[in-house]
Every structure is written in C-alpha cells, then in structure tokens.
Amino acid sequence: MKTQAIGDLAQWVGRSVELQGWVMARRSSKDLVFLVMRDGSGLCQCVADRSTLGDAMYNEAEALTQESAFYCRGEVVADPRQIGGHEVRLSEIRTLHLSKDYPITPKEHGVDFLMDHRHLWLRSKRQWAIMRIRNTLIMAIHRFFQDRGFVQMDAPIFTDNACEGTSTLFATDFYGHPAYLSQSGQLYGEAMAMAMGKIYTFGPTFRAEKSKTRRHLSEFWMIEPEMAFCDLRQNMDLIEEFLRDVVSAVLERNRLELELIERPIEPLQKVTQPFVRIPYEEAVQIIRGERLVNGQSALDVLRDDLAQVRRSIEETRVEINEREAKLAQPSLKKGEIGHHQSQLQAARQRLDTAEEQERNLPQWISSASSFEAGNDFGGSDETVLTRLFETPIMVYNWPHEVKAFYMKRDENDPRWAKGVDVLAPEGYGEIVGGGERETNLEWLVSKIHEHELPMEAFEWYLDLRRYGSVPHSGFGLGLERLVAWVCKLPHVRETIPFPRMYGRIAP
RNA sequence: UCCUCGGUAGCUCAGUUGGUUAGAGCACUUGACUGUUAAUCAGGGGGUCGUUGGUUCGAGCCCAACCCGGGGAGCCA
C-alpha cells in the first residue's frame, strides 16, 4: 500500500493513514511520545501512546531522535491547535534510520554555522517554506511566458568576452582559449527573438564582483525575456503584468508558507495597484528631497528612520539592563535563567542591528541629499525611493552614460537611454533591469567604441541590425532578489538552495 | 579594494580597570514529572579563548601582523 503525504491529510480525517518521514521534534512523557513528522509535503504531530502501541513499539518511538527516519500508521484526527491542523494517533511505528547528534538543534544558530550546514539547514521549516515559494515563482514565471507565446531558450554559459563590458567575470579555460562564465544571456536572447518573435531565457548567471552585501550572489538565476516589435512602454506594461502575475501566484498557492515565515501579505497584495512609473530626472529630485511624494520628503523619511532607530536603541539598552539585573538575582530556576538569557541575547542582537543602522543612516542621508544627477543609484538611494511608495517603482529614461552600450537612445532627447529599472517595495530595491535596445547600426558601433569594447566580438550582434533591424525590448529579472522580496528575507543567500557568493563555495 | 563590527564548550553567548581552578543557557546523557507545542525539576561529562609574535611577575582581556566571518561602500539582478 502506498503511503500518504502529510500535505493531503485533510482528505483522510477519521481514517487510517501510513506515513513516512523524519522526526522534526520530539517531546516525551511517561506514557506518551509526541513526534512531529516532516515528509517534505508538510508537518504533522504523531502521538505514540504506550497503552495502544504496546511496550516494544512505544520504546521504539521513545528512542527516536531528531531527524531520524520512521514509518508509521495511525488514525487522522483534526486538531486546529496542531501545525498543519491534524495529528495522527499511532497504531504502528517502525524506525527506518536512527540519527545521532543532528547538528542543527532547536536553539538559535549563527548564519555561518547554518551556511556550513546548508545541506541540512534546508530541512528546517523556514527554509522549506522559502524553497516552496521559490518553486511557485519559477513555475509561475514559465507559465506566464508560455501562456503568451514566448519560446524558452537557453543562452550559452561559456562566452568569449565580457559581453556588456561592465561586470567582473569568472575566467575559465575553453580548450586553451580564455572564456568567461556568462553574466547575461541578453545578447543571445536578442538574436533568438529575431528568430522566434518572443523568447525568454531562464538560466544561471555569474558575476565575479567581490560584493559582500545582502543582495549579491556570485551565481544566481536570471529570467530574461526579449520581444521583437516592442518599445519601452510596451516593455514596462509587460513587466508590470508579469510581476503582478507571479506574486499573485504565491498569494494563491503559498498562504501556509507565508504564514510560517511570518511574511505580512498586505504589501504583496498592493501589486494589484498600478505601479509607479517615474523618469530618472524626477527620481533624482525625489531622492534629493526636492520633490515631495504625497507631502513626504525622502530625506524626512530617512531622518524619521534615524530618530526611530535611536529611540529603539535607548529602549533596548534599558531592556538589556533590566534583564541583566534579573539574571543577577540569586535562586533563579534553570528555566527562568534560560528564558532571560535568550531574551537578553535577542535584545543584544537587536541593539547591534540598530547601532549599525545608526551608523549607516547619516551616510545614506548625506549621499541622498548630495546625489549628483547623471549617476546610477546606490543601494541606499533605491531604498529611499521605495520607502515613499507601496507598489514596485519603475524608473525609466536613464542617462545614457550609466547604461549598457546596447540601450536605445531617446530620439527626442539623446541625453536619455530608454532603460528601465524596477525597484521592489519595502526597501528591497532593484529586482529588474531592462529597456529598449538600440536598433541603429551607426549608433551601436559608436557606443561600442565609446565603451572600448572589442568590435570583432560583436560582429554577429551587429548582424542583427544589418538584417531586418526592428524595435525590440526586454528585461532581466533576478530570481533570488524576487524571492527575497516576496518572502521579506534580510538576505538573498536564503533564497537559493546552495548559494555561491564571495567567500562561500561549499557545501 | 576601502570603512565598520566580530571570532571564548557541539550551538548561542557572558567574561568588569590585565590577577589564582574561564562561566551560563541550549544540545547531549542519567533520573523524577507531565496531552506536550524552543524555556517542568535535579545530577553529569564537555575548552590549545581564530593564528603567530610582542609587552608584562602574570594576557580571553593590552599592542602588531595575518586568517576567517557579519554589515556597508563601489558594482550590479
């Protein structure tokens, strides 16, 4: 007989099921053992009762340790207090594999320790929920494009040059010739779009920058659609429809997961509203505090943040003192000591974070107020901007100097390139970069010279402008940044099963 | 590459102006208790204080260099 999935238990209430999985947690009493089983599809408390199981099987249940594998059979009982809403009263249990000293305990762990045990960390609740949301996004992305007649294509990973000339790439050896891991499939996407009309790539991307921030990975997954006969406006319309669609898919399919990671859903629901679209020039004025948004100045928002941070530092310090005083009292029970200690450590961590913000915010305020038109936005400038709006923000018409060589110049005002960056709300910043591509052969050639790129490497690309050059546009979405925003994670490293980043190649 | 914070038990962290045998909780283990939900009670084992060198009668603590990690800048999705 086939075993059931915990995720399907709702259909089995009142009946007997067989389950196979792992022990997530165990609590034992004299004649009762509570085992929380996880099987990948969900969580379920299994209750072992000595009187129904008999001594032999009961002792087996009692001996199970964290992350041991076991089989069981029992009746499903609906119980809203339990995680998943059900529990199973065991009539049979069998150990499949006994674990010894599982490294990840129910206590808090540091990031470094967890990253070193990433292969096991993936089993924990939070990571389980994040990976399922990532899966929903991946499937929703494919479905969105497939439903609209896009053809999925795979761009090459080995490339013979730094195709945009900007990023630092990973060098490798290709039969004795230097080669680089792809930083973008975009140029190949353009070629394919001229063959298929509408395409998208979905593949790994490599950047060798030694970035140590919460939004950078050395290896990440990028989705890059490219459409023939498409201008910047149509491109932006598509981006908006696309993000609305994939975020809605998560809201429809992953309520349990969002709840588990305590992600408030109201900000995500705002994607149904029209996205804010502002030209670069206007965005600069907003960042500098020269232009108000709904009566709010960006600089005031930052100053309020700073005041708030300082207040919370004061409060946390008071709390820490109080808890230290409590801990210093004699004759505390062990449980009380543990409680105060963990609360104290949590407070100290909050204090560290707040103090770091206190150091950063003044720099961000000064960098925002003195922002020089013509530059690209920094991470903090993006954060400032997103704090003023509730929907994703599309910033378009960028100074052509800061954008890639293939970006189309605005016919009416050649200062601007017809690029668009999409900033995710709640401080997340850039998740999409895209734009309309240059179609004019002469302009393109002069741009390649201007960027000091090797012309011969782009001959094939220039062919696209020699034979049937048409308006076309596309964009690139960073999957991990999207997952980070949707899950409201502090760092992209938790959005991918095995992150590759500066200083991290294993496991 | 630069700025900044950090490295003490398996894990999370205390450790006062440098002072004798370096602590707590969790985890593990033993026993008691209990329809329990990371924190019921009592006992037990567990340490080359990141590395190297220096100052000192004496260094977890001070100094220097280096290694590793967190965050930020730059760069980007």
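Computed from a predicted structure; not experimentally measured. Values below: every heavy atom of this structure, side chains too, minus hydrogens, waters and symmetry copies. Throughout, a chain's letter reflects where its sequence line sits, starting with A, and its residues are numbered from 1.
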Sub-3.5 Å pairs of nitrogen or oxygen atoms, protein against nucleotides 3-7 of chain B:
none

Distances for protein N/O vs nucleotides 14-17 of chain B N/O pairs under 3.5 angstrom?
none

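Stem regions for RNA chain B, each three or more consecutive Watson-Crick or G-U pairs with both distances under 3.5 Å and listed by first number, read B:1-7 with B:67-73, B:10-13 with B:23-26, B:28-32 with B:40-44, B:50-54 with B:62-66.
Taking the ring centroids of A:Tyr200 and A:His142, they lie under the 6.0 Å cut-off.
Comparing B:G71, B:A77, B:C75 by their closest approach to the side chain of A:Arg493 singles out B:G71. Comparing B:A77, B:G72, B:U1 by their nearest atom to the side chain of A:Asn360 picks out B:G72. Distances were taken from every side-chain heavy atom of A:Met501 (C-beta onward) to each of B:A77, B:G70, B:U37; the shortest belongs to B:G70.
Within the 4.0 angstrom heavy-atom criterion, no nucleotide atom of any strand lies near A:Gln66. If you check every strand for non-hydrogen atoms under 4.0 Å, A:Arg215 touches a base.
Relative ring orientation between A:His117 and A:Phe113 is described as tilted, the plane-to-plane angle lying within the 30° to 60° band. Relative orientation of the A:Phe150 and A:Phe145 rings is tilted, given thresholds of 30° and 60° on the angle between their planes.
A cation-pi arrangement is absent between A:Arg500 and A:Phe206 under the rule of less than 6.0 angstrom and at most 45 degrees off the ring axis.
For the residue pair A:Gln186 and A:Glu190, a side-chain donor N or O sits within less than 3.5 Å of a side-chain acceptor on the partner.
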**Request:** Please assess A:Val33 against A:Leu64 for the test side-chain contact (heavy atoms from CB on, under 4.5 Å), listing each intermediate value before the final yes or no.
**Result:** CA-CA 10 Å; A:Val33 180; A:Leu64 284 172; over 6 Å; no
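With both ends at atom P, the span from B:A59 to B:G50 equals 15 Å, rounded to whole Å. Nucleotides B:A39 and B:G45, compared at atom P, are 25 Å apart to the nearest Å. Spacing of P atoms, B:C11 relative to B:A27, comes out at 15 Å, to the nearest Å. Only the P atoms considered, B:A24 is 26 Å distant from B:A38, to the nearest whole Å.
For B:G70, the OP1/OP2 oxygens have no side-chain nitrogen or oxygen of A:Gln349 closer than 4.0 Å. Phosphate proximity of B:G71 to A:His491: present, with a side-chain N or O under 4.0 Å from OP1 or OP2. Residue A:Arg323 places no side-chain N or O under 4.0 Å from the OP1 or OP2 atom of B:G25.
Within a 6.0 Å radius of CZ in A:Arg387, other residues, nucleotides and ligands contribute 12 heavy atoms or fewer.
You cannot call A:Phe34 stacked on the base of B:G35; the centres under 5.5 Å and planes under 30° rule is not satisfied.
Across every non-hydrogen atom of A:Cys44 and A:Val88, the tightest pair is SG-CG2, 3.7 Å. Minimum interatomic distance between A:Tyr188 and A:Ala155 (heavy atoms only, all atoms of both residues): CB-CB, 4.3 Å.
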